[in-house]
S.K.: 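Here it is: the structure, laid out below.
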Amino acid sequence: MNDHAAVKAALRAMPIETPSWAYGNSGTRFKVFAQQGVPRDAYEKIADAAVVHRLTGAAPSVALHIPWDRVDDFADLARFAADQGIAIGAINPNVFQDNDYKLGSVCHPDPRVRRKALDHLLECVDIMDATGSSILSLWFADGTNYAGQDSIAARQDRLADALSQTYDRLGPDQRMLVEYKLFEPHFYSMDLPDWGTSYAHCVALGDRAQVLVDTGHHAPGTNIEFLVTVLRRFGKLGGFHFNSRNYADDDLMVGAADPFQLFRIMHELVRADAIAPEANVAFMLDQCHNLEAKVPALIRSVLNVQEATAKALLVDADALAAAQSGGDVLAAHAVLMDAYATDVRPLLAEMRAEAGLDPDPIAAYHRSGYQQRIETERVGGQQAGWGA
Ligand code: RM4
Ligand code: MN
Ligand code: MN
């Protein structure tokens, strides 16, 4: 696509969802460094997410994590979000931070614990109903640390059972996205370790179950654009948790560690017509900002996704097809690299100006005084963060 107007139109139609937990404090198992001005509740997280959307024009929804974002009245929270100009996005159940879940949640050997975890998943569908959310985003910390600790086969049966009971509870306009992760918190086996396992469960469930690809959840060297292409081909690419990683599940800002990988993924998505809203691929961020200020880090992340996507949209499809069908390896690769080497920042600045936005959202954030305001106003109370 060489037509700049078409590139801008495609980008304008591409929403990028931010995660409520990225606005709260986070850290490593060694230390959480608290920041000033961090939200104390779900309302304040939504207020911050709305600022990211106002400045970028591209982040119109925020994902919730339950119970971190539990409120008395979810319909009220959704109204608050709407007043701020955004919507509630994916609902993420948390079945990993209760003492009962030491040996797993829906795969736990004890039926009482499994029931408790399933009830939480079902409660999260109630929250979807109350907030208008259409995505239940499932990640399970379930797994084992030692060979023989539990039956791998029995755990798969328990997982399938919980997924199918949850699936049956979904409304017609709701879907579930099933995330996988290679390891952590367990180190011998995870019950959903990879896209193949996720895919197989989703196929057994039906059309409204799809795979969620968290870019930080693979073995080093995994070709993510390949698996994304295959999932899309079979109608099972439900969405992304974008972030970047150098080693494991680092949850760094998307596009920071390997912007070329992000470009390659976006390129395959463009070719598979998966960027357009009709494709129903949810573009979500799943990040933690341990050192950097949270709101500008999320703005930076949204801009990074837009930059990679703009470059992918600029790939000369005709030249690429000609080089590929002619077997011209170097020319085909050069077409991709030409697009990747393009400085798309002026194009994106122009797109923002045309939409009445500041061409430089990060500078606009720093000028807005918002950071100073939240640092002054949000004193006292309990800052949000892991476990809060
Ligand atoms: C997991 C996974 C989930 C996220 C939690 C906090 O590693 O990425 O998507 O909800 O972390
Ligand atoms: Mn994730
Ligand atoms: Mn993760």
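Since we're looking at a predicted model, the values are computed, not measured.
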S.K.: Pair D358, Y365 - check side-chain hydrogen bond (donor to acceptor under 3.5 Å, both in side chains), show working.
M.R.: CA-CA 10 Å; D358 193 294; Y365 178 72; over 6 Å; no
S.K.: Going by atom types only, do W21 and D286 share a side-chain donor-acceptor pair under 3.5 Å?
M.R.: yes
S.K.: In terms of side-chain heavy atoms, does D214 have a donor or acceptor partner in N243 at a distance below 3.5 Å?
M.R.: yes
S.K.: Kindly say whether the aromatic ring centers of H289 and Y23 come within a distance under 6.0 Å.
M.R.: no
S.K.: Could you tell me whether D249 and R245 have a side-chain N and a carboxylate O separated by less than 4.0 Å?
M.R.: no
S.K.: Main chain of A272, side chain of R232: is a donor-acceptor contact present, judged purely on distance under 3.5 Å?
M.R.: yes
S.K.: Please check: side-chain N/O of S198 versus main-chain N/O of V178, any donor-acceptor pairing under 3.5 Å?
M.R.: yes
S.K.: If you measure from the Lys or Arg side-chain nitrogens to the Asp or Glu carboxylate oxygens, is any gap between R352 and D360 under 4.0 Å?
M.R.: no
S.K.: Is a donor on one side and an acceptor on the other found under 3.5 Å between the side chain of Y146 and the backbone of Y188?
M.R.: no
S.K.: Indicate whether any N or O donor in one side chain lies under 3.5 Å from an N or O acceptor in the other, for Y101 and N94.
M.R.: no
S.K.: Could you verify whether a donor N or O on one side chain and an acceptor N or O on the other, from Q156 and H201, lie under 3.5 Å apart?
M.R.: yes
S.K.: Taking the inter-plane angle between the rings of F226 and W195 on a 0 to 90° scale, is it parallel (under 30°), tilted (30 to 60°) or perpendicular (over 60°)?
M.R.: perpendicular
S.K.: Tell me whether S137 contacts the main-chain N or O of I91 through its side chain, where contact means a donor paired with an acceptor under 3.5 Å.
M.R.: no
S.K.: Report the C-alpha separation of S301 and N304 in whole Å, then their side-chain angles, then the decisive distance to 0.1 Å, and conclude whether the side-chain hydrogen bond (donor to acceptor under 3.5 Å, both in side chains) test is met.
M.R.: CA-CA 5 Å; S301 305; N304 285 356; 5.6 Å; no
S.K.: Between N25 and K294, is a side-chain contact (heavy atoms from CB on, under 4.5 Å) present by the stated rule, with each step listed?
M.R.: CA-CA 9 Å; N25 283 321; K294 291 147 203 317; 3.6 Å; yes
S.K.: For F30, does its backbone N or O pair with a side-chain atom of T28 as donor and acceptor, under 3.5 Å?
M.R.: yes
S.K.: Between R208 and G171 (side chain of the first, backbone of the second, donor and acceptor by atom type, cut-off under 3.5 Å), is there such a pair?
M.R.: yes
S.K.: Under a 4.0 Å threshold between the charged nitrogen and the carboxylate oxygen, would K116 count as salt-bridged to D110?
M.R.: no
S.K.: With no hydrogens and no angle check, is any side-chain donor or acceptor of N145 less than 3.5 Å from a backbone partner on F187?
M.R.: yes
S.K.: Considering residues at least two apart in sequence or located in another chain, which fulfil the side chain to side chain donor-acceptor pair (under 3.5 Å) criterion with E350?
M.R.: K8
S.K.: Has E268 got a side-chain atom pairing as donor or acceptor with V228's backbone, closer than 3.5 angstrom?
M.R.: no
S.K.: Closer than 3.5 angstrom, by distance alone: can the side chain of R40 be matched with the main-chain N or O of A384 as a donor-acceptor pair?
M.R.: no
S.K.: According to the interplanar angle, ranging from 0 to 90°, do the rings of F242 and F283 count as parallel (below 30°), tilted (30 to 60°) or perpendicular (above 60°)?
M.R.: parallel
S.K.: Side chains of D258 and S244: any donor to acceptor distance under 3.5 Å?
M.R.: no
S.K.: Would a distance-only check, ignoring hydrogens and angles, find a side-chain to backbone donor-acceptor pair under 3.5 Å from D83 to A81?
M.R.: no
